[in-house]
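Right, one structure below, let's go through it.
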Amino acid sequence: MKEALRPATDWELASMVQNFAARNQPVEVVGNGTKSNVGRPMQTAATVSTQSMRTITLYEPTELVMSAQTGTPLSLIEAELAARGQMLAFEPIDLGPATGGRVGQQTIGGVFASNLSGPRRVVTGAARDHLIGIKGVSGRAEMFKSGGRVMKNVTGYDLARGLSGSWGTLGILTEVTFKVLPWPEAAATLIYRGLTDDLAAELMCAAMGTPFEVSAAAHLSEGLTQRVEVGTLASIGSGLTAIRIENFVKSVLYRKDALRTLLKVYGEPIELDYESTLKFWSDLRRLSVVCDKESALWRISTSPVNGAKLVAAIRKHMTAEAYYDWSGGLIWLEVPATADAGASDIRRAVAVHGGHATLIRADRAIRGAVEVFQPQTPVLDRITRDIKTAFDPQGILNPGRMYAGI
Amino acid sequence: MSHIALPDPDRRIIARRDQIIADLGRLIGADQVIADEDGRRAYETDALTAYRRMPLAVVLPTSTEQVAAILRYCGEAGIKVVPRGAGTSLCGGALPAEDAVVVCISKMNRVLEIDYSARTARVQTGITNLAISEAVGKSGYFYAPDPSSQLACTLAGNLAMNSGGAHCLKYGVTTNNVMGVKMVLISGEVIEVGGAHLDAEGYDLLGLIVGSEGQFGIITEATVRIIHAAEGARPMLIGFSNSEDAGRCVSAIIGSGIIPVAIEFMDKPAIEVCESFAKAGYPLDVGALLIVEVEGSEEEIQDLLTQISEMAKPFEPRKIIISDGPVQSAKIWKGRKSAFGAIGRISDYYCMDGTIPLSRLPEVLTSISEICARHRLKVANIFHAGDGNLHPLILYEANDPEQSERAELAGAEILKLCVDVGGCLTGEHGVGIEKRDLMRVQFSDADLALQMRIKTAFDPGWLLNPAKVFPLDGREPAAAAE
């Protein structure tokens with residue numbers, strides 16, 4: 001990474017952006033840079049980092065709300081929350097290990113700028129659903145805010161969500177305010193074995209369609225199961241399908257048994273205790289099962305009823321190891337690192353089955369040659385460009401990171 | 001109540017009225033165009049009834065293609081458009097204009113597809129909020145956002161305002177429960193954003209569209225998340241001697257790690273009115289009460305309600321009623337659910353919708369009392385305590401212009417107070433015309449300019465739902481002609 005400018009305040013940041021704008025100079029926007037290898041390669045002469053803005057500015061556990069400057073390390077935030085028995089319910093994904101970066105280093109700003117959520121997203125919503133307020137500096141060097149610190153707020157347009165997942169291309173967030181939730185008192189996981197992708201999807205959907213508030217449902221292909229580092233799961237000799245239940249102690253006992261009974265046609269599950277449950281799902285949050293650097297990694301979001309079909313369609317063209325999450329609707333797919341990382345076949349399968357695909361891990365050259373994010377229809381592309389212009393008319397913030405010219 | 005300025009209608013458009021009505025009739029059929037005065041009068045206002053404007057014409061499209069044809073025509077001809085669902089907006093969000101065509105989506109009310117495996121429903125947006133839950137209810141599912149007007153209000157309106165409800169503490173508001181929309185732009189182009197999958201590709205346009213108050217386009221179809229209902233749910237009622245204790249009890253419950261489905265707060269005036277109307281068995285010797293509802297199996301519910309009773313003890317509750325079954329549950333909710341109707345029977349009221357940090361509740365309630373006393377008005381407070389959404393109901397005599405004006409002034413002071421303590425102008429009703437001129441209390445000019453530029457990205461000519469959300473002065477050049 002180039003030597004980064006590290007403003008300490010939003011004022012200082014605004015004046016830096018003012019300078020970049022005056023010189024029409026593109027700038028790379030980063031937190032700790034853990035996702036620098038993700039997205040289209042950029043040509044920027046300068047880097048600005050939020051690293052020096054790292055204070056938790058508000059924490060009201062009884063109102064389930066926290067505000068933090070965007071350079072605050074996620075690890076610091078999660079430790080602070082854990083000390084009061086709370087958490088970020090959407091289980092932010094750590095892309096570091098899977099993309100050649102460091103583990104556990106991302107900032108809270110990066111979490112919302114990428115909007116990559118983990119297993120619990122399927123019930124509690126994504127990062128963007130928990131974001132209730134933002135402050136930032138636009139490409140016009142203007143400081144702006146939206147939302148606030150209260151849960152319910154429909155005053156003006158919802159820019160907080162609008163900036164979620166914009167990868168620093170619209171504005172540089174300086175402070176985020178987000179909803180937090182209590183840590184569940186207890187948790188358990190039921191692991192089913194030997195199911196095909198189709199059957200696994202059926203089981204996951206059945207589990208999600210119960211009153212028992214299943215908090216995660218994931219399926220690993222056999223090749224990925226061998227990489228699981230929890231107990232002896234790696235050696236079960238098949239793929240695995242995992243169902244998580246979280247709640248108060250008594251509820252977990254009751255709901256786990258109710259689910260076992262409901263799902264008994266899928267076989268006898270292995271049960272993970274609290275500690276193993278924590279490790280199993282936090283490993284998935286770090287994408288520990290799809291860290292084979294020799295392969296390319298895609299992230300595909302589709303309807304849970306189409307996930308297995310979509311992967312089957314891709315497997316007609318290439319070998320693929322799949323980590324299904326969100327009841328089968330999210331697929332982290334490892335494929336051979338060919339010249340286009342499988343892009344043309346994968347995009348065709350997605351077009352047929354619905355959803356969108358993002359190339360997460362590939363060489364810089366490949367990321368420069370194929371579309372990394374899902375290509376948009378001409379009308380949506382036009383709106384996207386107009387929104388970019390609304391925030392950053394000169395195109396100086398992370399230019400081209402998501403789409404050419406945006 | 002009428003001091004909010006509305007722009008003078010464009011005489012050139014009104015002069016072309018007959019031609020416009022004929023053109024609209026040719027596009028979608030004359031039987032779907034309402035042009036006569038009596039017919040149009042039904043659409044002259046919404047639930048903010050103090051403001052009325054006769055629309056130029058009303059159209060009732062039955063398909064996305066028809067909506068597209070109407071918007072393309074209006075867009076090309078420079079005619080303003082006011083989208084409308086059921087007209088239940090409390091902030092004047094559906095208020096027509098004399099030079100605007102009202103596009104009412106209420107005939108498009110079909111359920112298109114239900115997928116219980118994926119837990120989604122695809123519907124036309126003229127469907128009422130409650131009808132979605134009814135369509136999936138027999139299979140044990142429901143659609144979570146539940147605004148008080150859910151019997152009448154349409155999903156289209158919920159999407160425009162990002163509506164909430166009493167149960168969103170646990171399940172979130174509209175934006176957290178919608179996965180995709182089909183929307184017609186003023187150009188007549190139809191876009192699809194999101195769908196049966198989670199999370200957006202590219203920018204989160206869906207996040208921007210939900211809550212844009214009908215100013216970006218007209219949403220004709222949506223894919224929403226449906227949720228399997230819990231095994232059961234039961235409320236309890238806790239009465240306290242004052243609001244402060246009630247507020248502290250809410251903090252204690254949430255701080256303990258229990259997230260109830262709903263925590264509703266009523267102050268003494270609200271309790272008295274509701275009890276005299278609904279005979280719900282509310283204690284009259286308390287200063288404030290909470291209704292707390294939890295979900296789960298019978299045993300889980302019992303367990304949670306017992307825990308909550310214990311948590312309430314330090315705050316010396318005057319009365320605790322734990323529902324013992326469906327009959328008593330209905331009775332406890334009856335008072336709260338009939339609150340607006342009950343208050344409406346004794347007086348006209350002006351319903352405010354600020355949000356505040358829970359910790360500031362006692363001082364905010366004191367200040368609200370002072371503000372209303374200064375304006376010689378009575379007030380009752382209803383509060384979604386779990387998420388800080390406060391509904392002060394200012395009682396006034398609508399036929400008395402002087403009292404109406406005082407009510408409006410008191411309302412504006414209350415909303416400024418909400419912003420001052422760290423909250424916002426509106427938690428779930430929207431800005432509309434009602435809070436348009438207060439936007440600078442919460443936002444800087446740069447904040448508003450940014451929002452207006454996004455509006456321009458979707459609607460370059462500023463034809464959709466005009467004169468709402470942003471103060472009329474200081475608008476984008478593109479909107480200056482409005």
Side-chain angles (χ1 to χ4, degrees), chain A residues 60-64 85 115 121 125-126 128-129 138 142-146 148-159 161-162 164-166 181-183 185 205 208-211 250-251 254 301-305 326 329-330 354-356 373-374 376 379-380 383-384 386-387 390-391 402, chain B residues 115-119 161-162 164 172-173 175-176 189 191 195-205 207-208 210-212 228-231 251 254-255 257 296-297 300 303 355-359 387-389 422-428 430-431 439 442-443 446-447 450-451 453-454 457-458:
Chain A
E60 290 282 357
T62 62
E63 292 176 22
L64 305 174
N115 189 37
R121 187 268 178 265
R128 57 89 86 174
D129 291 292
S138 72
E142 287 174 344
M143 290 189 279
F144 66 91
K145 64 177 180 302
S146 180
R149 57 158 292 193
V150 287
M151 237 33 102
K152 259 161 105 184
N153 184 349
V154 296
T155 322
Y157 300 151
D158 193 348
L159 300 197
R161 256 164 279 281
S164 299
S166 64
L181 280 174
W183 261 107
E185 186 181 70
C205 290
M208 297 303 302
T210 66
K250 274 197 255 175
S251 289
Y254 162 70
S301 180
T302 187
S303 165
V305 295
W326 303 354
L330 179 77
H356 57 86
F373 289 84
Q374 179 74 26
Q376 295 186 300
V379 185
L380 290 183
I383 293 172
T384 297
D386 288 348
I387 288 171
F391 282 88
M402 294 181 77
Chain B
D115 186 335
Y116 292 111
S117 292
R119 294 169 298 118
M161 296 306 184
N162 191 14
V173 296
T175 197
N176 311 117
E189 291 163 306
I191 59 171
H197 54 271
L198 293 171
D199 289 359
E201 67 251 35
Y203 293 155
D204 192 346
L205 300 180
L208 286 171
V210 176
S212 60
H228 198 292
E231 288 177 89
S251 298
I254 292 177
S297 69
E300 289 171 318
D303 196 38
T355 305
I356 56 166
L358 175 64
S359 55
D387 50 38
N389 192 190
C424 66
L425 294 173
T426 173
E428 57 184 1
V431 177
M439 287 289 271
Q442 190 169 332
F443 294 112
D447 298 337
L450 195 48
Q451 293 185 36
R453 278 189 225 109
I454 294 168
F458 285 90

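Labels below follow one simple rule: chain letters A, B, ... track the order of the sequence lines, proteins then strands, and each chain is numbered from 1.
- Shortest non-hydrogen contact noted between A/Ser251 and B/Glu300 is OG-OE2, 2.5 Å.
- Counting only distance, with no hydrogens or angles, the side chain of B/Thr426 and the backbone of A/Thr155 share no donor-acceptor pair below 3.5 Å.
- In this structure, B/Leu358 and A/Thr62 approach most closely via the heavy-atom pair CD2-O, 4.4 Å.
- Of all the listed residues (B/Thr175, B/Asp115, B/Asn162), the one sharing the greatest number of non-hydrogen pairs under 4.5 Å with chain A is B/Thr175.
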(request) Check the pair A/Ile383 / B/Tyr203 against side-chain contact (heavy atoms from CB on, under 4.5 Å), numbers first and verdict last. (result) CA-CA 10 Å; A/Ile383 293 172; B/Tyr203 293 155; over 6 Å; no
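- Considering all non-hydrogen atoms of both residues, B/His228 and A/Thr210 come closest at CB-O, 3.6 Å.
- Proximity to chain A (any heavy atom under 4.5 Å) is shown, for B/Asp199, by both the backbone and the side chain.
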(Q) Evaluate A/Glu63 against B/Ile254 for side-chain contact (heavy atoms from CB on, under 4.5 Å), listing each step before the verdict. (A) CA-CA 7 Å; A/Glu63 292 176 22; B/Ile254 292 177; over 6 Å; no
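- Among the candidates B/Pro357, B/Ala230, B/Gly422, the residue making the largest number of heavy-atom pairs closer than 4.5 Å to chain A is B/Pro357.
- Proximity to chain A is limited to the side chain of B/Glu189, based on heavy atoms less than 4.5 angstrom apart.
- In this structure, the portions of B/Ala118 lying under 4.5 Å from any heavy atom of chain A include both its backbone and its side chain.
- Counting all heavy atoms, side chain and backbone alike, A/Tyr157 lies closest to B/Gln451 at N-OE1, 3.0 Å.
- In plain terms, the two heavy atoms of A/Ile387 and B/Ala457 that are nearest each other are CG1-CB, 4.1 Å.
- Interface remark: B/Leu425 contributes backbone and side-chain atoms alike to the contact with chain A (heavy atom separation under 4.5 Å).
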side-chain contact (heavy atoms from CB on, under 4.5 Å) for B/Val173 and A/Lys152? Distances and angles first, verdict last.
CA-CA 8 Å; B/Val173 296; A/Lys152 259 161 105 184; 4.0 Å; yes
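- Expressed to the nearest 0.5 Å, how far CG of B/Leu205 lies from OG1 of A/Thr384 amounts to 5.0 Å.
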- Message: Before you tell me yes or no, could you show the steps for A/Leu159 and B/Ile454 under side-chain contact (heavy atoms from CB on, under 4.5 Å), namely the whole-Å CA-CA distance, both residues' side-chain angles and the distance that decides it to 0.1 Å?
- Response: CA-CA 9 Å; A/Leu159 300 197; B/Ile454 294 168; 3.2 Å; yes
